[in-house]
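Take a look at this one; I'll ask things after.
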Amino acid sequence: ILQLLTSCPLSRNYCVTTQFAFQENEIKLLTAEIERLKNFGCLGVSPSLEGLRDENAKLKYRLNFLKKSLQEERSKSMKSMININSCLQEIFGAAIQAAYPDLENPPLVVTPSQQPKFGDYQCNSAMGISQILLKTREQKVIPREIAEKIAKNIPANEYIEKVEIAGPGFINVHLRKDFVSKQLSSLLINGVQPPANGKRKKAVVDFSSPNIAKEMHVGHLRSTIIGESMCRLFEFAGYDVLRLNHLGDWGTQFGMLIAHLQDKFPDYLTVSPPIGDLQAFYKESKQRFDTEEEFKKRAYQCVVLLQSKNPDFIKAWNLICDVSRREFQKIYNCLDVTIIERGESFYHEMMKDIVKEFEDKGFVQVDDGRKVVFVPGFPVPLTIVKSDGGYTYDTSDLAALKHRLCEEKGDILIYVVDSGQSVHLQTIFAAGQMIGWYDPKVTRVAHAAFGVVLGEDKKKFKTRSGDTVRLIDLLEEGLKRAMDKLKDKERDKVLTPEELKAAQTSVAFGCIKYADLSHNRLNDYVFSFDKMLDDRGNTAAYLLYAFTRIRAIARLANIDEQMLRKAAREEVLVLDHEKEWKLGKCILRFPEILQKILEDLLLHTLCDYLYELATTFTEFYDSCYCVEKDRQTGQIVKVNMWRLLLCEATATVMAKGFDILGIKPVQRM
Amino acid sequence: MGLLMGEARNQLRWADGKTIKNEVDLQVLHLLGPKTEADLEKKPKVAKARLAPAEKQKVAVVENGDMGTETKSLLEQLRGEALKFHKPGENYKTEGYVVTPNTMALLKQHLAITGGQVRTRFPPEPNGILHIGHAKAINFNFGYAKANGGVCFLRYDDTNPEKEEEKYFTAIREMVEWLGYQPYAVTHASDYFDQLYTWALELIRRGQAYVCHQKVEEIKGHNPPPSPWRDRPVEESLLLFEDMRKGKFGEGEATLRMKLVMEDGKMDPVAYRVKFTPHHRTGDKWCIYPTYDYTHCLCDSIEHITHSLCTKEFQARRSSYFWLCNALDVYCPVQWEYGRLNLLYTVVSKRKIIRLVETGAVRDWDDPRLFTLTALRRRGFPPEAINNFCARVGVTVAQATMEPHLLEACAREVLNEQAPRAMAVLEPLKVTITNFPAPKALEVLVPNFPADETRGFHKVPFHQTIYIEETDFREEADKGYKRLAPGQPVGLRHTGYVITVQNVIKDVSGRVMELEVTCTKSDVAEKPKAFIHWVSVPLACEVRLYERLFLHKNPEDPSEVPGGFLSDLNPDSLRVVHNALVDSSVRSAQPFDKFQFERLGYFSVDPDSEEGKMVFNRTVTLKEDPGKA
């Protein structure tokens, strides 16, 4: 420096500046060198290591790709709709597994978000995991931290656009627009398809099940409606469904009925007796049974002869049953119910073997001449043979259970029976497990219980005179009320007589069914024509009206089905408007709703969903023009095809929902 | 040879390739006799097959100087029918264009879409930096469109996922704009991946492509065996191609190949291959990527390019270009080839530049000794100079190999018009004027362009203390030396004064440290023999002086440089002058601003400049170094 200073011909000042600049430069070089050394720059990466790194990256990429392809293949091969919720559960399951590999059964909670600002779905597992860590390992980790760790481990997927962590540890999921749009297109192209389902399974549904010679009453209404919907749901989900009407067609009452028949219509074997009113006939015989000792004795003989399958007695029995069958069928026709008859008599021959099986396995105790079976966990035993040697409901229900499991090979058995039968059925199911007919881990046997129907006074549903309400009368009143309503709204002036009639039945029976199905079946429900026919709120009337309106949108824009189908293949469904996006997501929740019902058998979820879909649609329709018209001339200026496609997708899903609920929409109403 | 083989293969599809080759070789030998040295030269082969007679004459390698002073503007050269290019929509009039039953309908449709406009594209691979060779492509494509009222696309050919980085994309666009062109649209080959995939399926369905499992090594080199999978059922290929897309095949285990023979006899070029590499733009959407052969013509077709201009290496791919468009019944553009522009004394390949950067021979991709476009910009070459250079090289189909001094001459021409004068002293010697006529500094007016004083003046201070070049003073003036020496006064540029040495101050070693001089107004003094430049109250700056990076014309040629290009580096290619001084008129100059430093050359402000320490690059000297010519 000294030399520099002295030798420098320039001013001292300039010299010092140069010197500083020189030093600064030196410092820069040294800092860079240190940086390089810190990053192992000195080691130099061996070529083989670099090669291995490259290969590793490629393998990872391929693995990811294969996973994606597998996912794609799974969903595509079935053309099925994707259950987004369960896909997200899978993804978060994997993320949690990766983040906390040694946690057993970590809680996995994924739900749709209630507000758009919380994304589309949210995973709320972090709070639960925090609790578990605290309890089982005494680790204090704040849920937010856990949420972050989970979020970091989310595997590559085609659903999620991004995730955000909010509040104490909610993971908010934003779905990818292109994914939702693609799913909607596929829905439009392939129609509403059930979620992918492995091997074809069989469901046996026991429902309706009235008694012969007794009128169907409002109590049977619930079992019939719920059972029918349940069958439709399982059929849609790809099950083979066996719909069984477990008729009460085999009991002591047939002795007195046959005895009375023989007295009243001695030539019943050749000439069909004109029993118009079986209920009155039943009352007459019952009165004789209670008052005439001789008649009573003969009635018992008749039972024995019937059970020994004496042809004359079988004939008489059939005659009586036929009368009932005709009455039942009227109701099934009204309600569009399909069911096969397999009453108690069907199992008669099997009961002997059932008893033997229980005896052979040492489950039978004899108590006061009765043969009883105690089932662990149930205080009251099953009586399988009475002291007089006859069989009971317990015996026939056991026989039916075994037949459905072992002969029909049902994978899932559903009993749509009122809650009053709960203990009885649970005991039967437990006995079936005890004796080894089924393993609940493999086969599902469920009692879909339901509450009673109440009148508007919140008491048991009766006529004004206090009688049980006959179902057929109720349906007829429904028809009348529906027509009144339609006329009130002056629909008779708009619709053709045929359309009016169609609207009437659709509304009447649709409303009765929907009113039943839209309530949690476990609760009692209040039967009110006024409420169910109201066209506002969560009613069939509202939904049917909304549906016809949606269907009319395309029609009024002169877009026919073929054009829609073509557009579905070619147009991309843009979901840029907030309401379009909301509606799109709502439509795609259909599979997850169905999945939930398949699990808990609570059909009101579907009604709630359809109602939500209809209101979401209204929001969309109110803020997004589907068809733009000239205000003056009313001429169509522009058709926003992708929005019409959204209408179409909504309608398609609603139609499928109606179909499952057993509601028939009409073209115009 | 290739053509013959191709033809033979087509006719004898199931015959053993090796046997055919032997037989054809034998017959050719009979016919033509043994190969001469001339036959072993590569270049003429390219021209053999398809050129029209008119073009044929132009095919020759133009060396420097041949082009002389042809200075027709590029636009003039490109305008109208000068090139014998077809009119939009009249593709079929081009020799060699393949007309199918659908051609006319497709051309009609094409015209409806373009409205008869000329459409070209500049399609660089975004995996490196543009160099002087690309400048020709840019000028040709953009220029041809501009000259004919058309449009030009900037299309990144990003089919290869391995090497693409964001910085390349932005740098390319920047360079195109720097040269003065605006792309009509910026597109990417990857924009069309979906369409390309759909077409690949269609190609399979039409029986024109198949999935092949030959290994890369098997189909390399001369006369590879034909694919045993060539005739597999369409359904099978469709399924396997789907499997390729799904990642079921490893890299190299399956390719999609097109059923055609190329000009050089190469059979069945690959259309798609498996690569487990994410793509810069499509992310992890694909694990199969299309090849150049498959992508290029289809992208041109999608964009309705009228003239697909490319360098002559691609002539061998012309037939596959036409074949593929026709196999899919899509609009088929016309491919036209032009000669490549090569520059002596440099390397432009990406890999070699990387080596130069890694070994520290150059600082980075834009080191002013390189001939990448960013380097040229940094060195101070104006874009007009580069465009003029391209114009002089011309748009002929000839391959041109140029010396850098021609480019430098172009730069001088432009800079002479553009770069204002300033004065700088590289090796300063302090001079004190003992009889300075004023107590403070005077102001001197210097014309920005002495040849045209209407372009203004700038002021520089003239103080008692000035600095001149050390080399402008000698203690003893020999014959022929005209500048300052004791007893030999010299004029100071622009001041109107002549100085005379009064006293020479030396240090102990006898080195001249400072001069004391007296000054005389030039109108009273005797006319000095010379005028020198000077600075007063100057700014300190760093000046970088550049020479050729390589010593030999063709550093890559092993016969010229047996040790490889890295052994050919010129040790004096960069000289940094740390303590240069420059007059204060350049104080507020920005990077890339250009000046003519009197008597020294053209200089450009380097982006390394900092507050208080400007850095200048010498673009070119004022005159061509006679040693270089």
Side-chain angles (χ1 to χ4, degrees), chain A residues 3-26 28-29 32-33 36 41 44-45 53-77 155-158 160-161 176 178-179 182 569-570 572, chain B residues 161-162 194 242-253 274-279 283-288 358 425 427-432 465-468 470 505-509 511-515 535 537-542 576-581 608 610-615:
Chain A
Q3 206 181 355
L4 249 173
L5 274 175
T6 50
S7 69
C8 183
L10 307 177
S11 73
R12 205 182 121 77
N13 195 10
Y14 170 68
C15 234
V16 173
T17 331
T18 343
Q19 170 205 337
F20 275 142
F22 180 72
Q23 282 177 345
E24 258 170 40
N25 203 22
E26 196 79 338
K28 256 193 230 158
L29 286 174
E33 178 73 11
R36 200 173 66 81
V45 179
R53 275 185 187 153
D54 277 0
E55 201 185 323
N56 193 30
K58 278 179 183 292
L59 286 171
K60 274 188 184 160
Y61 189 83
R62 187 175 182 191
L63 179 66
N64 218 334
F65 219 88
L66 285 168
K67 278 186 187 161
K68 235 170 40 183
S69 301
L70 195 65
Q71 220 170 38
E72 185 190 331
E73 225 158 87
R74 263 194 208 143
S75 52
K76 203 169 82 185
S77 59
N157 63 79
E158 54 173 320
I160 300 178
E161 173 75 43
R176 277 173 57 165
D178 60 339
F179 164 70
K182 223 167 67 187
R569 280 177 202 286
E570 290 163 6
V572 174
Chain B
E162 318 244 2
D194 284 322
E242 176 79 355
D243 286 350
M244 280 172 67
R245 186 183 67 78
K246 285 183 172 169
K248 293 190 194 172
F249 287 107
E251 290 190 1
E253 286 173 13
V274 175
K275 276 192 180 179
F276 292 108
T277 311
H279 186 275
D284 61 0
K285 188 175 173 191
W286 299 97
C287 71
I288 50 171
E358 277 172 356
V425 172
E427 286 151 340
L429 175 64
K430 187 177 176 186
V431 175
T432 307
T465 304
I466 62 171
Y467 301 91
I468 63 169
E470 235 172 26
I505 302 166
K506 297 183 186 174
D507 65 4
V508 282
S509 62
R511 192 176 156 206
V512 178
M513 300 301 296
E514 191 183 333
L515 298 177
V535 293
V537 200
L539 309 171
C541 67
E542 179 181 319
V576 180
V577 181
H578 288 286
N579 301 322
L581 300 172
D608 281 349
E610 288 170 15
E611 186 74 36
K613 179 76 188 237
M614 294 185 89
V615 179

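Computation of the quantities below employed the complete heavy-atom set of this structure, encompassing side-chain atoms and omitting hydrogens, waters and symmetry-equivalent molecules. Chain letters run A, B, ... following the sequence lines, proteins first and then strands; every chain starts at 1.
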Worksheet entry | Minimum heavy-atom distance B:Thr277-A:Lys58, with the two atoms named | OG1-NZ, 3.1 Å
Worksheet item: What pair of heavy atoms forms the shortest contact from A:Ser69 to B:Lys246, and how long is it?
Response: OG-O, 2.7 Å
Worksheet item: Does any heavy atom of chain B fall under 4.5 Å from the side chain of A:Lys60, the backbone, both, or neither of them?
Response: neither
Response to the item:
Nearest heavy-atom contact between B:Trp286 and A:Tyr61 is O-OH, 2.6 Å
Discussion item. Is B:Asp507 in contact with chain A via its backbone, its side chain, both, or neither, using a 4.5 Å heavy-atom distance?
Written reply: neither
Item to complete: Over all heavy atoms of both residues, which pair between B:Cys287 and A:Phe65 is shortest? Give the atoms and the distance, please.
Response: N-CZ, 3.3 Å
Worksheet item: Nearest 0.5 Å, what's the NZ-CD distance between B:Lys285 and A:Glu158?
Response: 11.5 Å
Practice prompt. Just give me the residue among B:Glu610, B:Glu251, B:Lys613 that pairs up with chain A most often, heavy atom to heavy atom, under 4.5 Å.
Written response: B:Glu251
Worksheet item: So, A:Arg62 side chain and B:Lys275 main chain: donor-acceptor pair closer than 3.5 Å or not?
Response: no
Item to complete: For side-chain contact (heavy atoms from CB on, under 4.5 Å), just list the numbers for A:Leu59 and B:Phe276, CA-CA rounded to whole Å, side-chain angles, deciding distance to a tenth of an Å, and then say yes or no.
Response: CA-CA 7 Å; A:Leu59 286 171; B:Phe276 292 108; over 6 Å; no
